[in-house]
Amino acid sequence: QHALRWRGTAAAFRGGTLTYGRRAAQATWRQARLGACGFSVCGAGWLLHQQPARCETYSDTTLAPAPLAAPVVSKPRTSSAWGLACVAGFLGVWVGSVLLPIGVCVAAVLGYWKTVAAASGVVLGLRLVQDSLPVVPFMRRAVGDGIATWHRAEVVYEGGVPGRKALVCVHPHGIFSSGLQVLALSEEMSDCSVIVAGFLKTLAPAFSALCSLGGVRLVGAGRSSVAAAMEEGGTCVVVPGGFHEATISSTQVDRVYLKSRKGFVKYALRHGYSLHPCFVFGESQTHSNLQGGWSIRLWLNNWAIPTILPFGCWWMPMMPRRAPLKVVVGPGIQMPTVPNATGEEIEKYHRLYIEAVCDLHRRHSGAGPALEVW
């Protein structure tokens, strides 16, 4: 009996010890999780409230507005359901085209050679025909009107529609350049060439083929491609800020990345193009974007690596919100033809262009966000 009693006491002691150990471990794990959550919240708060660097704020300027001719205003409209379908389809083709080459590489690593062969055939086939596809006029009108309706957009051409030998520079880039889509698909800009990142032309042939069917000619941002397009003397559209301007996008302030972007001024001088600043009011409201950590994010952008973390519609974060867009194309800055412009000449016209962008923003922003030039 004594032996049984001592055996029961020892078992109870071991059970109590194990129970206490489990409870202590669970309490420690709860504290660790709470600590991790608190650390994450503090880190996110620091990033979200970090003040931007290397920028200037232009909330008001002393530039007097230049006399302008009567503006041309374009307001296409269709049903909201069709607008939703157009934006979702356009975004889906863009994302799918970008991810297709990555999927081919992953399939090759995993040994799915039939999939690699089929996908490679599709990519190469689209590469061969993307520039020779026929234009489908009703497709351009339908998709353009749908995207403009979703964004409740209007396009304003101050002083008339840009003619030949005009370089339209669109700001800000935003997350998916909704304003550029509205502008490029408008009837007034049906003959323009859109200068885009090189990978959209070479590694995303499905997207390029879709644009060709809609009558939008894409030109890679390489030197030879841009020079060839501008030598034709047509209207070109470009977003000078690129990935960097997308990274610094914010809903609290309008930001443009221009201080170190002078290549478009050099090309305009070389080919005698006029520079037309174009500002998309409301572009920054289509998506929220993580703020802070600028140094590492902008450094990654130098290697063509996007560093955005967007959030649009609550039911589909990649979809842009229905923020009203006002696309304003300003009057052109007439540029002389200087085949071999010096650094001083490029700097002079680059400064004039920044002043024109600030003046355009001041005249149309009203009580909207201030402008920061990075």
Side-chain angles (χ1 to χ4, degrees), residues 54-56 58 61-69 157-173 180 183-184 188-189 191-198 201 217-245 256-280 301-302 304 328-363 371 373-374:
R54 302 181 303 280
C55 65
E56 297 177 7
Y58 291 82
T61 66
T62 58
L63 292 174
L68 301 173
Y157 300 92
E158 290 188 345
V161 180
R164 290 183 59 80
K165 303 200 77 172
L167 181 60
V168 181
C169 305
V170 182
H171 308 278
H173 183 288
L180 175 62
L183 179 66
E188 295 81 5
M189 300 292 288
D191 295 328
C192 70
S193 299
V194 181
I195 301 172
V196 297
K201 184 68 175 176
R217 179 191 177 194
L218 298 184
V219 177
R223 295 181 181 180
S224 58
S225 301
V226 174
M230 298 185 77
E231 285 174 359
E232 297 176 3
T235 303
C236 296
V237 181
V238 66
V239 184
F243 282 154
H244 296 74
E245 201 165 87
V256 295
Y257 192 87
L258 268 177
K259 288 185 177 180
S260 60
R261 295 299 171 93
K262 303 177 183 179
F264 68 100
V265 178
K266 180 180 179 180
Y267 278 100
L269 287 170
R270 179 177 298 172
H271 298 280
Y273 267 59
S274 60
L275 288 177
H276 291 257
C278 173
F279 208 94
V280 184
N301 292 155
N302 295 333
V328 183
V329 182
I333 303 173
Q334 297 302 321
M335 309 281 280
T337 302
V338 185
N340 297 304
T342 63
E344 291 77 10
E345 290 173 320
I346 295 174
E347 180 65 31
K348 170 187 173 182
Y349 288 101
H350 181 257
R351 185 170 58 253
L352 289 176
Y353 177 79
I354 292 180
E355 292 175 357
V357 171
C358 296
D359 183 43
L360 183 67
H361 185 274
R362 181 187 62 81
R363 287 189 281 110
L371 175 64
V373 180
W374 285 53

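Below, each value reflects all heavy atoms present in this structure, side chains not excepted, and no hydrogens, waters or symmetry copies.
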Provide the closest heavy-atom pair for [X] versus [Y] in the form atom of the first, atom of the second, distance.
X: V238; Y: P240; result: O-CD, 3.4 Å
X: Y353; Y: C169; result: OH-CB, 2.9 Å
X: A356; Y: P277; result: CB-CG, 4.2 Å
X: C278; Y: V329; result: SG-CG2, 3.8 Å
X: F279; Y: L360; result: N-CD2, 3.8 Å
X: A268; Y: M335; result: CB-CE, 4.3 Å

| said: Under the criterion side chain to side chain contact (heavy atoms under 4.5 Å, CB included), I'd like the reasoning laid out for C192 against V168: C-alpha separation, chi angles, the key distance, then a yes or no. | reply: CA-CA 10 Å; C192 70; V168 181; over 6 Å; no
| field | By side chain to side chain donor-acceptor pair (under 3.5 Å) - contacts of N340 (at least two apart) | value |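 Expected list: none.
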With the side chain counted from C-beta on, respond yes when [X] and [Y] share a heavy-atom pair under 4.5 Å apart, and no when they do not.
X: L258; Y: F264; answer: yes
X: E245; Y: V256; answer: yes
X: V219; Y: C236; answer: no
X: Y157; Y: H276; answer: no

| request: Could you label the plane-to-plane angle of the Y267 and H271 rings as parallel, tilted or perpendicular, counting under 30° as parallel and over 60° as perpendicular? | output: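 Ring orientation of Y267 relative to H271: parallel.
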| task | Could you label the plane-to-plane angle of the Y257 and H244 rings as parallel, tilted or perpendicular, counting under 30° as parallel and over 60° as perpendicular? | result |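 The arrangement is parallel - the two ring planes meet at less than 30°.
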Working to the nearest 0.5 angstrom, can you tell me the gap between [X] [atom1] and [Y] [atom2]?
X: Q334; Y: L352; atom1: CD; atom2: CG; answer: 12.5 Å
X: E232; Y: K165; atom1: CD; atom2: NZ; answer: 12.0 Å
X: H350; Y: S260; atom1: NE2; atom2: OG; answer: 7.5 Å
X: K262; Y: L269; atom1: NZ; atom2: CG; answer: 12.5 Å
X: L180; Y: H173; atom1: CG; atom2: NE2; answer: 8.0 Å
X: R270; Y: I346; atom1: CZ; atom2: CD1; answer: 8.5 Å

| Residue of the set L218, V239, T235 for which side chain to side chain contact (heavy atoms under 4.5 Å, CB included) holds with V194 |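 The side chain to side chain contact (heavy atoms under 4.5 Å, CB included) with V194 is passed solely by L218 among L218, V239, T235.
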| query | Any donor-acceptor pair under 3.5 Å linking the side chain of R217 with the backbone of S193? | reply |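 Side chain of R217 to backbone of S193: no pair is present.
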| message | For the backbone of G234 and the side chain of Y273, can you confirm whether one donor and one acceptor N or O come within less than 3.5 Å of each other? | response |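 A pair under 3.5 Å: yes.
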| Salt-bridge criterion met for R363 and E158 (N-O under 4.0 Å) |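 Result for this pair is yes, salt bridge flagged.
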